[in-house]
Structures are given as structure tokens and as C-alpha cells.
Amino acid sequence: MRLHPHRTGLAAALLALMLAGCAPLPREPAPPVPAVPADFPEAHYREVLARGKPVFRVDSSESLVVIEVRRGGSLARLGHDHVVASHEVVGYVAPEEGRADLYVALARLAVDEPVLRAEAGFDTQPTESDIEGTRANMLARVLEAGKFPFALIRVSGADASRRDVTLSLAITLHGITRTLKAPARIDTEADRISVTGRLSFDQTDFGIAPYSLLGGAIAVQNRVDLRFRILARRLPGAG
């Protein structure tokens, strides 16, 4: 039987996808990640606290950053949307300065947790093998986490006396810093601060090439959506 050229091309594409999904992932030892980014300004917050000003430390167990990545390309139906999350945000808030500094270790990012996929409205669930492959590609090829192990966020304009604010976020990712605006809500109590908000950005703004296969027939969209919930608790020692 003679195959039509269009069908032959589609069959080859599907075979390539199947082989890619079944190929074992290389198991290379991950390089050691520094415990704290070299330029993280932790000393600044110690100085603020020593001056008797309030400082709040992020409670990682109650904080969350979620990035939603949607599929694209002419064969998008063969791929998945993805959710990438950090449950280990680290940082400090100095409310009287309207400033916060946070960081995320990229090697600790979680991918496609079912609860977060449901919250995003995604109607598919990748297999464990799919998730492992997505995470490996994301860290090695997209984010280059071995070279750029952290995402850093400096927040300014955080007026804790107001509930609804627009935050200025200087985000350093993949070795590039961009300043973005994010509408947010701040809830303040004597011993805790909670900040929630969301924003969108293009991966190419940070020099990141969105992952793609087969000449872009299967790809992720350049635009991604980020939402966050940060809870910080007051450190003892301030007046």
C-alpha cells in the first residue's frame, strides 16, 4: 500500500514522539546548589532588625508560587499544559521600607501536581514518566538551572497600610533582570503579613527559548501566568 506524503509525515512525527517519550532520561549527578544566592541581601534585613524596625521572614510552609504554562503548536492536542510550583520560597519583608527580597531554588521546583492542575482548570493529567521528562527538560534545557540555580525577586512599593496595591517586582531569572508590575492584596496583622497576586510575562523576556519539538509543531506558549501567595511572620527583636 502506498502512503500519501502528508500521512507519511504525520506518522513519522507520531513515531518520533513515541520514541522520545519512551527513551530513558540521562541520569547525571546534579551539581551542588549553594544554600543561598551569593548576592541575596540577608545582611540588610539583619541591619533593619538591629535598628529596631520590624522584619518578617517568609514562612515557606504556607507560601506558594505557581506558574501555568500552556501548550501550543499545530500538534498541541498531543501535548499537555503544565503547572510548575515552588513550595520553598525563602525571603524577608521590611514593611516600613515597602521592600521584600525572595528567592526560589529552581532544582526544588515541583511539576504538574494534580491539585494545582485542577486549580488551573487543566483537564488532562500527564503520566509520571511525562512529568519526569518535563521536569528534566525544564531544568536542563530551558532554565539551565545548573548555570542559573535561583530565581530572585525584589519587591518595592509594598505599602502595608493599604490592602490593594500594585507591586513592582524586579525578577532575576536565567541571568536577566526584568521589572514587572503585579496587582496584589496585602493583609497585615501584628505578627504576620500575607500577600497574594498574579502577573503574566513572556519567557523570551528572560532570554529563555520556549521548549518545542518537531519544528514547533509541539511547543509551549511564550506567555506564562504566575500567581503567588506569600505569608511572612514577624521576627522577634524589633521594637
Side-chain angles (χ1 to χ4, degrees), residues 30-49 53-69 82-120 131 134-135 138-139 143 145-146 148-156 158 160 165 167-174 177 180 182 184-199 201 206 224-238:
V33 177
V36 178
D39 51 351
F40 186 70
E42 188 167 359
H44 171 78
Y45 290 92
R46 289 199 298 266
E47 293 170 3
V48 172
L49 190 64
K53 302 296 184 181
V55 173
F56 293 68
R57 181 166 53 201
V58 172
D59 184 341
S60 299
S61 67
E62 296 195 46
S63 299
L64 178 67
V65 173
V66 176
I67 297 177
E68 298 171 4
V69 184
H82 296 289
V83 176
V84 180
S86 173
H87 298 273
E88 299 184 28
V89 183
V90 180
Y92 298 91
V93 181
E96 292 189 7
E97 296 188 340
R99 173 177 170 176
D101 284 275
L102 317 169
Y103 69 86
V104 169
L106 300 182
R108 304 289 293 172
L109 292 173
V111 174
D112 286 329
E113 295 174 300
V115 171
L116 295 180
R117 289 185 63 81
E119 288 179 2
I131 293 171
T134 296
R135 189 173 185 279
M138 175 189 71
L139 292 177
L143 297 177
F148 307 107
F150 297 101
L152 294 94
I153 305 97
R154 171 165 292 183
V155 183
S156 57
V165 300
L167 300 177
S168 178
L169 307 178
I171 301 175
T172 301
L173 179 65
H174 201 242
T177 301
L180 307 173
R185 174 173 172 171
I186 301 178
D187 293 299
T188 305
E189 300 177 18
D191 62 347
R192 56 184 274 169
I193 292 177
S194 175
V195 185
T196 57
R198 60 176 60 241
L199 69 150
F201 61 88
F206 294 92
V224 299
D225 299 319
L226 183 150
R227 55 188 169 92
F228 56 88
R229 181 185 73 244
I230 305 297
L231 187 141
R233 300 186 185 277
R234 185 166 180 161
L235 291 173

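Residues: numbered from 1 along the sequence shown. The basis for the numbers below is simple: all heavy atoms, side chains too, and nothing from hydrogens, waters or symmetry mates.
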How many angstroms lie between atom [atom1] of [X] and atom [atom2] of [Y], to the nearest 0.5 angstrom?
| X | Y | atom1 | atom2 | answer |
| --- | --- | --- | --- | --- |
| Leu199 | Leu167 | CG | CG | 9.5 Å |
| Ile193 | Arg234 | CD1 | CZ | 9.0 Å |
| Ile153 | Leu169 | CD1 | CG | 8.0 Å |
| Glu119 | Glu68 | CD | CD | 9.0 Å |
| Arg57 | Leu235 | CZ | CG | 5.0 Å |

Any pair counted as salt bridge (Lys or Arg N to Asp or Glu O under 4.0 Å), so long as it reaches residues 89-102, sequence neighbours left out: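 Every pair satisfying salt bridge (Lys or Arg N to Asp or Glu O under 4.0 Å) with a residue in residues 89-102: Arg51-Glu97, Lys53-Glu96, Arg99-Asp101, Asp101-Arg154.
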Name all residues meeting the side-chain contact (heavy atoms from CB on, under 4.5 Å) criterion together with [X]; count only those two or more places apart in sequence or in a different chain, and write none if there are none.
| X | value |
| --- | --- |
| Arg198 | Arg227 |
| Val90 | Ser60, Tyr103 |
| Thr177 | Ala170, Thr172 |
| Asp191 | Glu189 |

Qualifying residue, where the test is side chain to side chain contact (heavy atoms under 4.5 Å, CB included) with Val89 and the options are Leu64, Val65, Leu231: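 Among Leu64, Val65, Leu231, the one that satisfies the side chain to side chain contact (heavy atoms under 4.5 Å, CB included) with Val89 is Val65.
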Closest heavy-atom pair and its distance - [X], [Y]:
| X | Y | value |
| --- | --- | --- |
| Phe56 | Arg192 | CE2-N, 3.5 Å |
| Phe228 | Ala182 | CE2-CB, 4.4 Å |
| Pro54 | Pro95 | O-CD, 3.6 Å |
| Leu49 | Val55 | N-CG2, 3.8 Å |

Criterion side-chain contact (heavy atoms from CB on, under 4.5 Å) on Ile186 and Thr188, from CA distance to verdict: CA-CA 6 Å; Ile186 301 178; Thr188 305; 3.6 Å; yes
Centroid-centroid under 6.0 Å between Phe206 and His174 rings: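 Ring centres of His174 and Phe206 not closer than 6.0 Å.
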Ring-ring centroid check Phe40 Phe150, cutoff 6.0 Å: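 When the ring centroids of Phe40 and Phe150 are compared, they turn out to be at least 6.0 Å apart.
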All salt bridge (Lys or Arg N to Asp or Glu O under 4.0 Å) counterparts of Arg233, not counting sequence neighbours: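 Expected list: Asp59, Glu62.
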Check against side-chain contact (heavy atoms from CB on, under 4.5 Å), Ile171 and Leu180: CA-CA 8 Å; Ile171 301 175; Leu180 307 173; 3.9 Å; yes
Phe148 side chain near Leu143 side chain, heavy-atom distance below 4.5 Å: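 Of all side-chain heavy-atom pairs linking Leu143 with Phe148, none is under 4.5 Å.
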Close side-chain approach of Asp39 and Leu152, heavy atoms under 4.5 Å: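 They are in contact (side-chain heavy atoms under 4.5 Å apart), so the answer is yes.
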Trace of the side-chain contact (heavy atoms from CB on, under 4.5 Å) decision for Leu109 with Ile67: CA-CA 10 Å; Leu109 292 173; Ile67 297 177; over 6 Å; no
Trace of the side-chain contact (heavy atoms from CB on, under 4.5 Å) decision for Val84 with Val66: CA-CA 6 Å; Val84 180; Val66 176; over 6 Å; no
Residues that Glu113 engages under side chain to side chain donor-acceptor pair (under 3.5 Å), provided they are two or more places apart: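 Side chain to side chain donor-acceptor pair (under 3.5 Å) list for Glu113, sorted by chain: His87.
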